[in-house]
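As the structure is a computational prediction, the values presented were derived from the model and not from experiment. Here is the naming used below: chain letters follow the sequence lines, and residue numbers restart at 1 for every chain.
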Amino acid sequence: MDPTPALLEIRGLAKSFPGVKALDRVDFTLRAGEIHALLGENGAGKSTLIKVMTGVHRRDGGEVRLDGVAIDPADTADAQRHGIGTVYQEVNLLPNLTVAENLFLGRQPTRLGFVDGRRMRRDAAALLAEYGLAVDPDSVLGEHSVAVQQIVAIARAVDLSGKVLVLDEPTASLDAGEVQVLFQTVRRLAARGIGVVFVTHFLDQVFEICDRATVLRNGRLVGERRIAELSRLDLVTMMLGRELAEETMIRHRGTRTAAEPFLSLAGYGRRAFVQPLDLEIRPGEVVGVAGLLGSGRTETAKLVFGVKEADSGSATVDGRRVRIASPRAAAALGFGFCPEDRKTEGIVGDLGVRENIVLALQARRGWLRPIPRREAEAIAARFVRLLDIRTSDVDKPIRLLSGGNQQKALLARWLATEPRFLILDEPTRGIDVGAHAEIIRLIEKLCDDGLALMVISSEIDEIVAYSDRVVVMRDRAKVGELAGADVSVEGIVRAIAGEARP
Amino acid sequence: MNARHLPLLATIGVFLVAYALATLQFPNMASTRVVANLLTDNAFVGVAAVGATFVILSGGIDLSVGAVIAFTGVFLAVTIRAGLDPIAAFVLVLAITTAFGAVMGAMIHQLETPPFIVTLAGMFFARGACFLLTTDSVPIDHPTFAAIASWSWKIPSGGRLTLVGVVMLVTFVIGAVVAHRTRFGTAVYALGGNRQSAELMGVPVGRTTVAIYALSGFLSGLAGIVFALYTSAGYSLSATGVELDTIAAVVIGGTLLTGGVGTVAGTFVGVLIQGLIQTYVIFDGTLSSWWTKIVIGALLFAFILMQRGLLAAAARRRENARAGARVAAA
Amino acid sequence: EDKLTIGFSQIGSESGWRAAETSVSKIEAEKRGIDLKIADAQQKQENQIKAIRNFIAQGVDAIFVAPVVATGWDDVLAEAKDAEIPVVLLDRTIDTKDDSLYLTAVTSDTVHEGAVAGEWLAKTVGDKPCNIVELQGTVGSSPAINRKKGFDEAIASHANLKIIRSQTGDFTRTKGKEVMESFIKAENGGKNICAVYAHNDDMQIGAIQAIKEAGLKPGTDILMVSIDAVPDIFKAMSEGEANATVELTPNMAGPAFDVIAAYKKDGTMPPKWIQTESRLYLPDTAKEEYERRKGLGY
Amino acid sequence: MTLARNLRGVGGALPQILTLAVVLAANWAVFPDFFDLRLQDGRLFGSLVDVLNRGAPVAILSIGMTLVIATRGVDLSVGAVMAIAGAVAATLAADGQPIFLVIGAALAAGLACGLWNGFLVAVLDIQPIIATLILMVTGRGIAQLVTEGQIVTFTDPALAAVAASSAFGLPMPVVIAVALALVAALLVRATALGLMIEAIGVNRLASAYAGVDARGVLMAAYATSGVAAAVAGLVVTADIRGADANNAGLWLELDAILAVVIGGTSLFGGRFSILLSLVGALVIQALNTGILLSGYPPEMNLIVKAVVITVILVLQSPAVRRLATFLKRSDAP
Ligand SMILES: Nc1ncnc2c1ncn2[C@@H]1O[C@H](COP(=O)(O)OP(=O)(O)OP(=O)(O)O)[C@@H](O)[C@H]1O
Ligand SMILES: Nc1ncnc2c1ncn2[C@@H]1O[C@H](COP(=O)(O)OP(=O)(O)OP(=O)(O)O)[C@@H](O)[C@H]1O
Ligand SMILES: [Mg+2]
Ligand SMILES: [Mg+2]
């Protein structure tokens with residue numbers, strides 16, 4: 001049937017966790033030199049498949065063959081020895097080590113038994129240069145933005161993959177340019193005969209570089225298709241098990257500019273963090289924030305939310321001067337913030353889904369007024385339903401949820417506080433197409449009810465789709481603001497590039 | 001300048017400033033004799049603290065240090081009294097303490113239990129083993145042993161650099177090289193940074209854990225030998241609470257107790273700072289038992305505050321410098 | 001200037017007796033116009049060695065040490081000898097082959113103290129069988145070892161005296177009380193126990209409370225003998241709750257000052273061991289002894 | 001639903017309860033009268049009561065320690081704070097001050113110590129182990145300063161009653177420990193404090209981003225620990241009718257931490273249970289009492305303790321628990 005021989009062959013793979021059958025007799029075939037998309041809704045079992053395959057979890061049953069030989073990696077080091085390089089979904093590097101150490105951990109070049117620091121730095125710089133990243137290999141990884149860390153993780157995995165490269169949502173916070181660099185690398189590897197497994201929720205990317213797709217749903221295999229023989233609609237239908245109405249791409253910008261601003265910032269900034277900027281946000285309005293990697297979008301969000309206090313300018317909420325000294329103060333003003341780095345800044349891993357959802361609401365009420373158990377259950381149940389959070393149990397520790405479902409729970413955390421102003425930093429990171437549509441619909445409804453929204457996204461299309469206005473950042477400074485007809489992909493790209501508007 | 005080295009520099013700065021201040025008050029403190037004493041007297045704590053640095057860098061803790069030091073001394077005293085050659089006794093006891101550490105490491109890894117209790121049990125065990133060997137304090141008098149113990153080099157103006165002091169210095173140098181220049185060292189940092197990530201990146205977590213505690217056991221044993229050379233005796237109640245001294249030295253030296261961040265050199269300064277506090281209190285000599293405690297605590301607090309202050313100032317300067325560079329670029 | 005400066009490396013302040021020794025030393029130094037520098041070692045030998053080294057570096061006229069342990073002093077005392085600073089051992093002696101390392105030792109004989117306690121008990125009990133429970137000091141500490149040894153030797157020849165239980169009470173009241181409680185439980189509600197021998201008075205005071213709380217009368221139902229002679233035990237004796245204590249005088253420094261003064265004046269060599277008395281105190285003098293000692297800083 | 005959840009709660013406590021049962025059974029084996037109880041003057045007497053009574057100070061400490069550890073901290077100063085509180089109480093009582101002042105001053109001293117620790121950890125951001133080490137060293141000095149190095153004894157029966165009296169047939173320290181634990185458990189579970197403590201312990205950054213007042217909660221945890229230590233200090237002072245600044249609570253911080261860990265709270269913060277920490281304290285005391293009753297020579301104490309703790313470790317380790325579930329599962333058809 002297919003001329004290319006199978007490189008990696010998985011048959012009947014099964015894995016259960018308490019309360020969930022994460023993988024139920026799944027088959028998967030990866031051929032040498034192909035780029036193979038692994039698709040499915042949040043919680044479908046994609047990450048689990050990858051983890052079982054690479055020795056993070058022990059499998060309950062099934063078989064994995066690499067080059068026709070059955071393998072059973074006992075741990076990830078074992079998988080690496082087999083030539084499988086992996087980028088796991090959560091950035092799984094070590095923030096306390098340097099960039100170079102992260103790249104070469106466990107295989108540092110040595111001389112006379114000692115790590116050859118100079119060579120390691122040189123190799124690291126060369127490796128990173130391929131991705132256009134000019135960071136100091138000796139700098140501590142944790143100082144860099146999520147995106148930089150992600151590139152480092154990719155570079156490491158690529159360097160490790162002798163036969164198979166596995167990428168679990170590697171592009172979530174990369175901008176278009178970075179994604180192109182990544183794709184070039186992936187294509188180059190594929191041309192060399194390496195098989196690439198690619199998990200993503202961006203269907204455009206699937207159609208752009210993948211040869212084939214395998215779709216999972218609820219831990220079961222739905223099917224394997226060649227991309228060339230597939231339409232977008234087919235693919236979505238396979239993933240969701242139903243058709244998705246395409247109505248989500250409506251946009252509503254320019255409708256509510258008349259209202260009095262909810263929040264206005266004047267000359268608001270912090271030395272060595274964000275240059276002073278002016279910004280107004282009105283109820284019911286969606287303000288997009290666009291910019292390249294490291295342009296200061298995340299910093300702007302943190303400044304507005306009081307994570308770092310501003311040292312210049314003023315902030316006014318509902319016409320009253322306010323001081324936003326801490327997230328607590330911001331939350332008290334009716335702000336909410338879903339951070340980009342969900343693992344370290346978002347989820348409280350060991351606590352249950354319910355507790356994570358009510359945390360912000362509880363914090364705002366104060367510890368003396370506990371949310372009664374029954375009410376908490378009701379809130380959690382409502383959002384689990386509303387956002388379709390897939391969990392076997394609302395008491396399940398949130399770190400055990402799939403990435404996309406964690407993201408939804410974080411959104412629920414702030415929605416539960418009925419905020420008046422919500423800041424979302426890369427909100428759709430890791431969220432599947434179906435849920436994506438649901439969330440956008442939900443946000444639009446909330447905006448209709450008067451919620452103000454600031455959305456940071458690396459997806460310019462997405463920003464264009466729902467923003468009334470777009471703020472463009474460069475070098476930690478606001479360099480432009482687009483409204484009305486100017487809000488277009490082209491307009492934004494121009495502004496980012498620093499060209500004068502026509 | 002690398003941000004990683006800031007805590008170390010701050011710690012060294014604090015030490016130098018404090019030493020200078022102390023010399024102003026007691027000019028004698030500037031003598032080479034005091035400096036040499038600082039090395040000799042703190043040698044065993046220093047050696048053990050190198051081990052503690054690795055343990056703490058990996059996110060663990062080792063409470064058995066003091067008890068293992070005592071055990072080593074008692075074991076040496078008893079076996080040498082029974083006729084064993086000191087060198088053979090050294091080798092034997094180091095093998096025992098290394099194995100002891102390795103067993104604790106294996107328990108920590110295999111049973112997935114917190115190092116705190118495993119090493120607490122280890123502390124009880126080692127101290128209890130002393131009592132089983134003998135409850136007396138046993139002098140060690142053997143010509144070879146005495147010869148080793150009395151090795152020292154005269155340095156100008158009265159100080160004596162002793163063998164134990166040199167052993168400590170060498171241990172620190174080797175420790176620093178291992179921590180910063182070997183794959184094992186990086187694995188230790190990786191473990192302390194995030195155990196799970198380290199595992200996903202292919203660090204052999206189990207092997208490394210065992211090796212870390214074995215190393216700590218070995219260095220505790222070496223510290224015990226140093227202590228035995230220092231006192232020429234073995235005594236089951238000696239070195240109580242040394243584990244806290246080592247932990248304090250490590251943490252004062254800028255290592256985070258949560259793991260992953262710190263340096264071996266910092267620990268050395270931490271040990272010196274603690275020694276300086278002791279020396280200062282003794283030089284003063286007017287303090288009652290309780291004021292001694294209060295002053296030690298207060299000085300500890302002052303050191304930590306100074307360190308924080310310096311770090312904060314440095315961070316601010318860096319930030320401003322960066323801002324300046326940005327403005328210049330704009 | 002002929003004012004003497006003496007450095008005193010004290011163990012710590014782990015017990016009331018130790019605190020008394022420190023304050024008595026200060027009083028005695030003041031009497032003689034001596035500048036006494038006390039370094040508190042917080043119960044650690046290494047701190048004592050550091051202290052001695054620093055005294056040498058400071059160039060004091062003499063060094064007093066109350067050694068926390070018998071061994072391990074040769075090197076540092078040799079340094080003192082090199083610097084020609086005389087050393088006097090207080091309260092305990094040390095284990096060394098070269099006794100020229102120190103000028104003299106002013107100590108009690110802790111083995112003898114145990115023996116005094118044992119002999120008193122043997123005499124008091126007579127021929128009746130008597131089950132003794134023993135509250136030991138800190139395991140491994142030299143007073144605990146010696147006081148046990150002396151007591152054991154004293155009662156060895158009396159077949160009717162038998163130690164039925166022996167546990168450590170760490171020289172503290174709290175532990176003394178806890179251990180005594182368990183002895184009472186283990187020995188038929190205390191009915192099997194004829195006497196309590198405690199290695200120090202503090203543990204004995206704890207034991208007295210435990211016995212009272214179990215509904216027995218210490219001093220009457222159970223004989224109580226201990227060592228140290230701190231004020232509180234005299235109070236207990238005057239109330240009939242304790243029967244005997246052996247004194248360990250806290251004034252070790254006084255004789256030591258005199259030795260140093262004589263030595264500095266004309267090189268008089270003192271005897272190698274100045275033994276303080278281990279006197280037995282009984283309830284008859286308890287009241288006045290209590291009054292006499294109250295203010296001594298116990 | 002609720003029943004199932006409660007049952008699961010009990011299931012979570014199984015390792016601790018099993019451990020306690022094993023240690024008690026071992027005590028019974030070395031001392032057959034271990035479970036004998038008798039009533040005298042309306043109060044129970046027996047080894048079991050001794051275990052409760054002697055375990056009370058560590059149990060009380062473990063209440064505060066649980067909260068601190070749950071925030072991912074540790075409080076090494078509790079032993080020293082016990083000494084301070086005891087010294088303050090005994091000195092005032094010896095001075096003839098009224099009992100409410102005596103107890104009030106001791107508790108205030110504990111609260112002040114706790115707030116100081118909290119300040120260092122929450123505001124100055126000093127690592128908990130070092131922050132509390134400062135007070136561990138200094139505190140004992142302060143206590144001795146109060147007593148001037150002496151053992152201060154007092155005769156005030158009202159203060160002595162804190163340890164010597166009884167209620168509900170049990171010694172007062174036991175009643176105090178249980179009451180305090182219930183109050184603390186209620187305080188954290190009937191309010192949202194417990195949730196916030198756990199949230200901070202698991203991920204302080206994320207909790208702060210969610211608007212949790214991390215500083216306030218940390219202060220509350222350390223303050224509770226300080227007050228609990230003061231209560232424990234009162235108990236031991238009342239017990240021996242005197243304050244021994246040098247030895248009161250010496251090394252009890254290790255026992256308290258051990259109790260919390262045996263009780264199943266992770267030293268890496270997060271989920272905690274005050275009541276299980278009490279069980280942990282009981283395990284430790286049962287072990288100590290068992291050693292005393294066994295009649296082994298004291299040289300053996302530490303070895304026995306080490307062996308028993310090792311056995312407990314093995315019993316409670318997740319690895320062994322997994323093995324047990326595995327065996328159970330493979331038994332099932
Ligand atoms: N360690 C674990 N313990 C318990 N349940 C788990 C564990 N890991 C994953 N699960 C569950 O397994 C299911 C599959 O999760 P998985 O992470 O594989 O989803 P995914 O397809 O990668 O989703 P996403 O697109 O959101 O990343 C989910 O229901 C999740 O809650
Ligand atoms: N390509 C790069 N090379 C060097 N440093 C970079 C690069 N990209 C980002 N950085 C650094 O990362 C830091 C964090 O940037 P920030 O988090 O504000 O980015 P952002 O605009 O939110 O973008 P994103 O969230 O997509 O990373 C910046 O200080 C910048 O110095
Ligand atoms: Mg996933
Ligand atoms: Mg960002």
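Shown here is C:Glu30, whose CD atom has no more than 12 heavy atoms of other residues, nucleotides or ligands within 6.0 Å. Other residues, nucleotides and ligands place more than 12 heavy atoms under 6.0 Å from the CZ atom of D:Phe35. Counting heavy atoms of neighbouring residues, nucleotides and ligands inside a 6.0 Å radius, atom OH of C:Tyr281 exceeds 12 of them.
Atom CG of D:Leu292 is separated from atom NZ of C:Lys175 by 6.0 Å, given to the nearest 0.5 angstrom. Rounded to the nearest 0.5 Å, atoms CG (C:Asp202) and CG (D:Asn246) are 11.0 Å apart. Atoms CG and CD, on D:Asn301 and C:Gln167 in that order, are 4.5 Å from each other to the nearest 0.5 Å. With values rounded to the nearest 0.5 angstrom, D:Leu293 atom CG is found 10.0 Å from C:Glu187 atom CD. Here D:Asp244 contributes atom CG and C:Ile205 contributes atom CD1; the two are 10.5 Å apart, rounded to the nearest 0.5 Å. How far CD of D:Glu299 is from OG of C:Ser166: 8.0 Å, rounded to the nearest 0.5 Å.
Residue C:Gln43 touches chain D through its side chain alone, counting heavy-atom pairs closer than 4.5 Å. Proximity to chain C is limited to the backbone of D:Ser294, based on heavy atoms less than 4.5 angstrom apart. Contacts between D:Leu250 and chain C at a heavy-atom distance below 4.5 Å are absent for every atom of the residue. For C:Arg173, the parts lying near chain D are the backbone and the side chain together; criterion is any non-hydrogen pair under 4.5 Å. In this structure, chain C has no heavy atom under 4.5 Å from any part of D:Phe34. The contact between D:Ser47 and chain C is made by backbone and side chain atoms together, counting heavy-atom distances below 4.5 Å. Residue contact with chain D, scored on non-hydrogen atoms closer than 4.5 Å, involves the side chain of C:Gln209 exclusively. Both the backbone and the side chain of C:Glu181 come within contact range of chain D, judged by heavy atoms closer than 4.5 Å. Heavy-atom distances place both the backbone and the side chain of C:Val179 under 4.5 Å from chain D.
Contact between C:Gln136 and D:Pro298 at its shortest, heavy atoms only, is NE2-CG, 3.5 Å. Listed here is the closest heavy atom pair of C:Ser13 and D:Gln144: OG-NE2, 2.5 Å.
C:Lys177 places a side-chain N or O within donor-acceptor distance of the main-chain N or O of D:Asp239, the cut-off being under 3.5 Å.
Ranked by heavy-atom pairs under 4.5 Å with chain D, the list C:Gly176, C:Gly189, C:Ser182, C:Gly140 is led by C:Ser182.
With salt bridges taken as basic N to acidic carboxylate O contacts below 4.0 Å, none links C:Lys185 and D:Asp33.
Residue D:Asn247 is tested with C:Thr172, C:Asp170, C:Thr174 for a side-chain contact (heavy atoms from CB on, under 4.5 Å); the sole match is C:Thr172.
With contacts defined as side-chain heavy-atom distances shorter than 4.5 Å, the pair D:Arg140/C:Gln42 does not qualify.
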